[in-house]
Amino acid sequence: MNLTILGATGSIGQSTLDVVGRHPDRYRVFALGALRQHERLAEQCLRFAPRYAVLADEDAARVLRERLATAGCGTEVLTGPRALVEVAAAAEVDAVMAAIVGAAGLEAAIAAGRAGKRILLANKESLVMAGEVFLSACASGGAAVLPIDSEHNAVFQCLPGGRADGPGIRRILLTASGGPFRRASLAEMAKATPEQACAHPNWSMGRKISVDSATMMNKGLELIEAHYLFGLPGSRLEVVVHPQSIVHSLVEYADGSMLAQLGNPDMRTPIAHALAHPERIDSGVAPLELARIGRLDFEEPDMERFPCLGLAHQALDAGGGAPCVLNAANEVAVEAFLARRIAFTGIAELNARVLDALGARPAGADVDSVLALDRDSRRAAAALLEEVAA
Ligand code: NAD
Ligand code: MG
């Protein structure tokens, strides 16, 4: 199987290469794409010898090109706005790992869908921003979408048919670890630093998704993601806090059965599942020792301390452009928090204000109109930043 990995230098990208490296007989890397981390990408190119490497940053691409030429590596280095789309849709490619963070991953993911690739979807933001547009591109190209997000991968594994809108299914329950502030007071959260917010108790991830886990916006985005992937309305999608992150999510059936998927919190499990589906391959993840874990706890999420969860439900119920608006506001808010321009609790505040202002906009009917709504929402968020910061 020929693979393109978008976001190769990130947390998911590196885990993907770890799994791929265990199965050189099954997988060949066709292209690796990233933003600007040329050193890590150079190491990956030397090890996996892809046909192409893409860096969005032109200066970084130049450095990478020189480094690979010196090392005698035959990988061709591409840059420019179309390069990611080209390596995602190229005829030689069978599967695309969509693991660029944020809205930047949208166009290449859609191109892969239109070209009928197997899409291993980590980039939840593309589904949240452009659910209908993305899914209709996948349908038109006959692309299969396999969720990488651990919760959605778990739900997929608990749903033999892949969709939940058929008879006999009651609800989907997404588990949430509760993040680093599960027990923190609102006053403590107001003073939280980026370092504290990024220190996730169970998962090691990129900074953006780590902050999203701390606000629980990550779970909110995942509710919206689950809606598009599995076809259920918000009223049948629930969040349950499960601090051990061993049960990755559950499906409840009409007969009272609940099916769950369990495993150690390591993204190589969903990655290996989606790479090999319907077969199973070794992922390098240690087996789960249930007796050593001893207990699994569950509790209701606290909607007051984690208002981003309510905002996601609000956006899901409103439909139209609301999820895209919320996602864009949140990207601006997280960036501002990481730059210490707003408080941790300012993230939810900014998200709420932008959603109130623009949440009634219709959904974009194509990529350009989705990106236009994304831009408008970012502009509105940026304009409100000073008020939230104060
Ligand atoms: P990360 O920050 O570690 O990596 C992001 C990757 O995207 C990097 O390779 C970076 O170079 C690339 N990138 C960023 N902007 C780009 C641009 N403009 N053009 C090209 N490449 C660009 O992030 P991550 O934690 O690996 O997360 C990636 C995606 O997977 C996110 O959408 C996240 O929500 C999702 N996800 C991650 C995890 C996890 O455990 N890390 C779990 C579930 C879902
Ligand atoms: Mg997740």
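Counting starts at 1 for both ligands and their atoms, following the listed order.
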From A99, S210, S126, S150 - option closest to atom 28 (C) of ligand 1 by heavy atom: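 When every heavy atom of A99, S210, S126, S150 is considered, A99 comes closest to atom 28 (C) of ligand 1.
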
Nearest candidate to atom 9 (O) of ligand 1, where distance is taken over non-hydrogen atoms, out of I148, D57, L121, T9: T9

Protein contact to [atom] [nearest heavy atom, distance to 0.1 Å]:
atom	value
atom 4 (O) of ligand 1	G10 CA, 3.1 Å
atom 33 (C) of ligand 1	I209 CD1, 3.9 Å
atom 27 (O) of ligand 1	I12 CG1, 4.2 Å
atom 3 (O) of ligand 1	S11 N, 2.9 Å
atom 19 (N) of ligand 1	A56 CB, 3.7 Å
atom 34 (O) of ligand 1	K124 CE, 3.3 Å
atom 18 (N) of ligand 1	A104 CB, 3.4 Å
atom 16 (C) of ligand 1	L35 CB, 3.6 Å

Tell me whether the count of non-hydrogen atoms from other residues, nucleotides or ligands lying under 6.0 Å of [atom1] in [X] goes above 12.
X	atom1	result
E300	CD	no
R28	CZ	no
E92	CD	yes

Under a 4.0 angstrom heavy-atom cut-off, which atoms of ligand 1 come close to [X]?
X	answer
N123	32 (O)
E125	31 (C), 32 (O), 34 (O)
L84	19 (N), 20 (C)
A122	30 (O), 32 (O), 35 (C), 36 (N), 44 (C)

Considering just N/O/S atoms, say which atom of [X] is closest to the Mg ion (ligand 2).
X	result
E151	OE1
E222	OE2
D149	OD1

Min side-chain heavy-atom separation S249-H152 under 4.5 Å: no

Validation row: L309, H313 side chains within 4.5 angstrom (heavy atoms):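 Answer no - side chains too far apart.
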
Donor on one side chain, acceptor on other, Q14 and D18, under 3.5 Å: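 No, no side-chain donor-acceptor pair sits under 3.5 Å.
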
Audit row: S177, H200, side-chain hydrogen bond (donor to acceptor under 3.5 Å, both in side chains) steps and yes/no: CA-CA 9 Å; S177 67; H200 197 278; 3.1 Å; yes

H277 and H273 aromatic ring geometry - parallel, tilted or perpendicular at 30°/60° bounds: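 Ring orientation of H273 relative to H277: tilted.
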
F230 vs I169, side chain to side chain contact (heavy atoms under 4.5 Å, CB included): CA-CA, chis, key distance, verdict: CA-CA 11 Å; F230 306 117; I169 290 161; over 6 Å; no

Backbone or side-chain N or O of M205 under 3.5 Å from ligand 1 N or O: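 Between M205 and ligand 1 (N or O atoms, distance only) the closest approach is not under 3.5 Å.
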
4.0 Å heavy-atom contact, L55 with ligand 1: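 Flag not set, L55 not near ligand 1.
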
Close approach, Q37 and ligand 1, non-hydrogen under 4.0 angstrom: no

Test side-chain hydrogen bond (donor to acceptor under 3.5 Å, both in side chains) applied to D366 and S369, step by step: CA-CA 5 Å; D366 51 30; S369 51; 2.7 Å; yes

Full working for side-chain hydrogen bond (donor to acceptor under 3.5 Å, both in side chains) between D297 and Q244: CA-CA 7 Å; D297 296 307; Q244 291 93 352; 2.8 Å; yes

V54 and ligand 1 - part of the residue with a heavy-atom distance under 4.0 Å: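 None of V54 does.
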
Ligand 1 contact on K208 by region, counting heavy-atom pairs under 4.0 Å: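 No part of K208 is near ligand 1 at this cut-off.
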
S283 side chain vs A272 backbone, donor-acceptor pair below 3.5 Å: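 No; zero donor-acceptor contacts below 3.5 Å.
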
Centroid-centroid under 6.0 Å between F306 and F181 rings: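 That pair fails the under 6.0 Å test.
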
